[in-house]
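Values reported hereafter were calculated over all heavy atoms of this structure, with side chains retained and with hydrogens, waters and symmetry mates removed.
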Amino acid sequence: MQNDVLTIEQVLSDWARGAFQAAFPDSIPDGLSVGVVPTADERFGDYQCNAAMSLAKALKKPPREIASALAAAARPEAVAKAEVAGPGFVNLFLDPAWMAGRLEQLGDDPRLGVPGPGRGRTVVIDYSSPNVAKPMHIGHIRSTVIGNALDRLHRFLGWRVIADNHLGDWGTQFGLLIMGFRHFADPAAYETAPIEELERIYVKSYERSKEDPAWLDAARAELVKLQQGDPENRRLWQSFVEHSLREFNRIYERLGVSFDLVRGESHYNDRLPGVIERLEEKALARESEGALVVFLDDEKMPVCIVRKSDGAYNYATTDLATVAARAEEFAPDAVIYVTDERQQLHFRQIFAIAKKMGVATRLVHVWFGLMRLPEGTFSTRQGNVIKLERLLDEAQTRALAVVKAASPEMPAEQQGAVARAVGIGAVKYADLSQNPQSLVTFTWEKALALDGNSAPYLQYACARIASVLDKYRERFPGQDPAAHPIRLTEPIERRLAVRLLRFPEAVVHAAEAFKPNLLADYLYDLAQTYSTFYQNVPFLKAEAGPRESRVRLCELTMKTLRQGLSLLGIETPERI
RNA sequence: GUACCUGUAGCUCAAUUGGACAGAGCAUCUGACUACGGAUCAGAAGGUUGCAGGUUCGACUCCUGCCAGGUACGCCA
């Protein structure tokens, strides 16, 4: 299983395409997808090809006749039966013996059959990206958790991933922050809880600026000094960044998130004038109302300001400089931005301008819906923000209560570790299991769910399997299940097997669509199927032979769940 | 005003991107020999997919028009 690994779906799709081409040479339209998809209902087989219906027009033949050509063609060994159904579906049934053989191979494959389409390719993923001097709140979890899952997925698929935390470290707020720090800072508080202190300072300074124009002017002057490289302001700014990062890192550590690069907006500061020059050279930007703007009429988008009338640059300029810098330094095949929906227009503009400037890299904006509270949007001003750390604390506390109740004999230290994995896993999974683009309303109940479609359900399934495997070794010492073949006899075994074989497809689809929820859905379905199997088919009590075959299915299920959850950034303790 | 997004079971969400009878979880109700871990399983009930048209073999999905909510729209990021 090396470079040319394909998913079953890909193998069958290739086969269908080839069979149609052989049957109807030169008459298959180019753009038409002639693939195979998994069936929704197992009565219709394991995979189905729906192409005959869409080919009917082009070929001027009845769809069932076209479908028959595929059903009659020589089949790959994986397919036991191909039959035409309904208006022209071709239902494909996998061969149980072939499936068993394939499962045995997967047991020896650390990649569980997942291909490596990303090999030799590079992707930059820009995610999390909190603002310096502001606490991370529950709104930040989506970018961090979704971005991290995309990061892990791409890495596993062979990509060279550069995870870049593009900190908001260069805004107008720093003038106010510097003024505030000089006048109101409490050094002790700054050391123990820097972000809280910076936030307090900022709010105070901001309020002062509203009633005192001289204060605002002074803040502006400090900002200019900072941007011109004044050593004292520079030192303060550096300190704000470092202290903020210290707190961010504490959260990242709890979440199991790490970056290859942590480059804030300031990193691209020196390149801003160059961006403007290039825009002017290419006659893309022009003066309007004192500012320098790029018109995007052809793209049917509003103008984009790249230099303000006071001569200062804004975030559009920074993002353009960032794209250019990344393209030069890493020559990536794609750059992925994970931010909330509010930045859709912004990135559409940036991507359009970057293209005009000659950046050929594929640029993708993976946006997600805003996090809201039941009573509406939250904002610092309304004072209803929920800090991310509090959410994580709460999750662990609730998980710990459950662990203590369920496993009172477990050592306290282990209970703590389990509670951490379960609590953090629940929070992450709550986000990863739904379509990123849907708007989410935050509720404690949902974020911390421990049953149903949740991380703990999946973790529980893993722990139960681990326990089964232990018991097997206890009761049948020295026996190796792998010495016995896998046999799929019970219907539920076959159902479980089909799902195990589909893991590679789930991983590939989740990455291609930038939707971790596709993988989460798959894992939940797998775990549910396993639970049914577990509850209804005896294995340790079965006779030798079926017993080992079933133990092997258990083991493979555990590996798949573990691998899948790990791609979502969720841990699976041996015992929970 | 313009653009983008969302609207699916009482609630929270899926639906392989145009496929077969729209699926899960929560909540509700009924069951499961101390079971290989009950954080589980088996089952019941729950739907005019916001509304109205259209496209076609076939629509939650695509097009048009409404309704409701969200977000963004020249000097904040």
Q: Should the pair A:Trp237 and A:Phe174 be assigned to parallel (<30°), tilted (30 to 60°) or perpendicular (>60°) ring geometry?
A: perpendicular
Q: Less than 3.5 Å apart, any donor N or O on the side chain of A:His484 or A:Gln479 sitting next to an acceptor on the other?
A: no
Q: Do we get A:Arg550 above A:Phe533's six-membered ring, with its NZ or CZ under 6.0 Å from the centre and within 45° of the axis?
A: no
Q: Between atom CG in A:Leu55 and atom P in B:U56, what is the gap in whole Å?
A: 18 Å
Q: What is the separation between atom CD on A:Gln10 and atom P on B:U16, rounded to the nearest whole Å?
A: 18 Å
Q: Ring pair (Phe, Tyr, Trp, His ring centres under 6.0 Å) with A:Tyr457: which residues, sequence neighbours excluded?
A: A:Tyr524
Q: Touch check for A:Asn91, heavy atoms < 4.0 angstrom, all strands: base, sugar-phosphate only, or nothing?
A: base
Q: Please indicate yes or no: is the ring centre of A:Phe44 less than 5.5 Å from the centre of the six-membered base ring of B:A20, with the two planes inclined by under 30 degrees?
A: yes
Q: Please state how far atom CD1 in A:Ile350 lies from atom C1' in B:C4, giving the value in whole angstrom units.
A: 17 Å
Q: Which label fits B:U28, syn or anti, where anti is any glycosidic angle not within 90° of 0?
A: anti
Q: Given the C1' atoms of B:C63 and B:G25, what is the spacing between them in whole Å?
A: 34 Å
Q: Once you apply a heavy-atom cut-off of 4.0 Å, does A:Ala449 come out as touching a base, just sugar-phosphate, or nothing?
A: nothing
Q: Rounded to whole angstrom, note down the C1' distance from B:A35 over to B:U28.
A: 27 Å
Q: Can you tell me how far P in B:G10 sits from the matching atom in B:U6, rounded to whole Å?
A: 22 Å
Q: Using the C1' atom in both, what is the distance from B:C62 to B:U56, to the nearest Å?
A: 11 Å
Q: Any chance you could list the contact pattern along nucleotides 9-15 of chain B? Use B for base contacts, S for sugar-phosphate-only contacts and - for none, protein heavy atoms under 4.0 Å, 5' to 3'.
A: ---SSSS
Q: Considering only NZ, NE, NH1 and NH2 on the basic side and carboxylate oxygens on the acidic side, decide whether A:Asp340 and A:Arg142 come within less than 4.0 Å.
A: no
Q: What are the two closest heavy atoms between A:Glu42 and A:Phe93, and how far apart are they?
A: O-CE2, 4.4 Å
Q: Taking only Lys NZ, Arg NE, NH1 and NH2, and the carboxylate oxygens of Asp or Glu, determine whether A:Arg575 and A:Asp470 approach each other closer than 4.0 Å.
A: yes
Q: Might you list the N or O atoms of the protein lying below 3.5 Å from N or O atoms in nucleotides 73-77 of chain B, with each pair's distance?
A:
residue, atom, partner, partner atom, Å
B:C75, O2, A:Ser309, N, 2.6
B:C75, O2, A:Ser309, OG, 3.1
B:C75, N3, A:Ser309, OG, 3.1
B:C75, N4, A:Glu289, O, 2.5
B:C76, O2', A:Thr172, OG1, 3.4
B:A77, O3', A:Glu265, OE1, 2.7
B:A77, O3', A:Glu265, OE2, 2.5
B:A77, N6, A:Tyr315, OH, 2.4

Q: Does A:Arg502 count as lying over the ring of A:Tyr47, i.e. NZ or CZ under 6.0 Å from the six-ring centre, within 45 degrees of the axis?
A: yes
Q: Using atom P in both nucleotides, what's the gap between B:C67 and B:C51 to the nearest angstrom?
A: 15 Å
Q: Could you tell me the separation between the CG atom of A:Asp41 and the P atom of B:A20, rounded to a whole number of Å?
A: 9 Å
Q: Stem list for RNA chain B, please, built from Watson-Crick and G-U wobble pairs under 3.5 Å and keeping only runs of at least 3.
A: B:1-7 with B:67-73, B:10-13 with B:23-26, B:28-32 with B:40-44, B:50-54 with B:62-66
Q: What is the distance, rounded to the nearest whole Å, between atom CZ of A:Arg348 and atom P of B:A3?
A: 11 Å
Q: For A:Ser266 and A:Asp169, which I'm curious about, is there any donor-acceptor pair between the side chains at under 3.5 Å?
A: yes
Q: With P as the reference atom in both, quote the distance from B:C66 to B:A72 in angstrom, rounded to an integer.
A: 24 Å
Q: Hey, what are the protein-to-nucleotides 45-47 of chain B N/O distances that come in under 3.5 Å?
A:
none

Q: Suppose we call two aromatic rings close when their centres sit under 6.0 Å apart. Are A:His166 and A:Tyr268 close by that rule?
A: yes
Q: Do we see a donor-acceptor contact under 3.5 Å between the side chains of A:His140 and A:Ser128?
A: no
Q: Quick check: on RNA chain B, is the nucleotide nearest A:Ala40 upstream (toward 5') of the one nearest A:Glu341, or the reverse? Name the residue that is more 5'.
A: A:Ala40
Q: Would you call the rings of A:Tyr337 and A:Phe351 parallel, tilted or perpendicular, where under 30° means parallel and over 60° means perpendicular?
A: tilted
Q: Mind calculating the distance between CD (A:Glu512) and P (B:U17) to the nearest angstrom?
A: 11 Å
Q: With a 4.0 Å cut-off, would you call A:Arg562 and A:Glu574 a salt bridge?
A: yes
Q: May I ask you to check whether A:His346 and A:Tyr315 place their ring centres under 6.0 Å from each other?
A: yes
Q: How many Å lie between CG on A:Asn453 and C1' on B:A27, as a whole number?
A: 16 Å
Q: Any side-chain heavy-atom pair from A:Ser129 and A:Asn165 closer than 4.5 angstrom?
A: yes
Q: On a whole-Å scale, what distance lies between the P atoms belonging to B:G43 and B:U48?
A: 25 Å
Q: B:C11 and B:A45: how far apart are their C1' atoms, nearest whole angstrom?
A: 16 Å
Q: Rounded to whole angstrom units, what separation is found between the CE atom of A:Met371 and the C1' atom of B:U71?
A: 16 Å
Q: Hey, does the Lys NZ or Arg CZ of A:Arg464 hover above the aromatic six-ring of A:Tyr534, less than 6.0 Å from the centre and inside 45° of the axis?
A: yes
Q: If every non-hydrogen atom of A:Ile138 is compared with every non-hydrogen atom of A:Met371, which pair is closest and at what distance?
A: O-CE, 3.2 Å
Q: Taking the side chain as C-beta and beyond, is there a heavy-atom pair between A:Leu553 and A:Tyr530 under 4.5 Å?
A: no
Q: Treat primed atoms plus P, OP1 and OP2 as sugar-phosphate and everything else as base, then score nucleotides 31-42 of chain B 5' to 3': B for base contact with protein heavy atoms under 4.0 Å, S for sugar-phosphate contact only, - for none.
A: ----SBBSBBSS
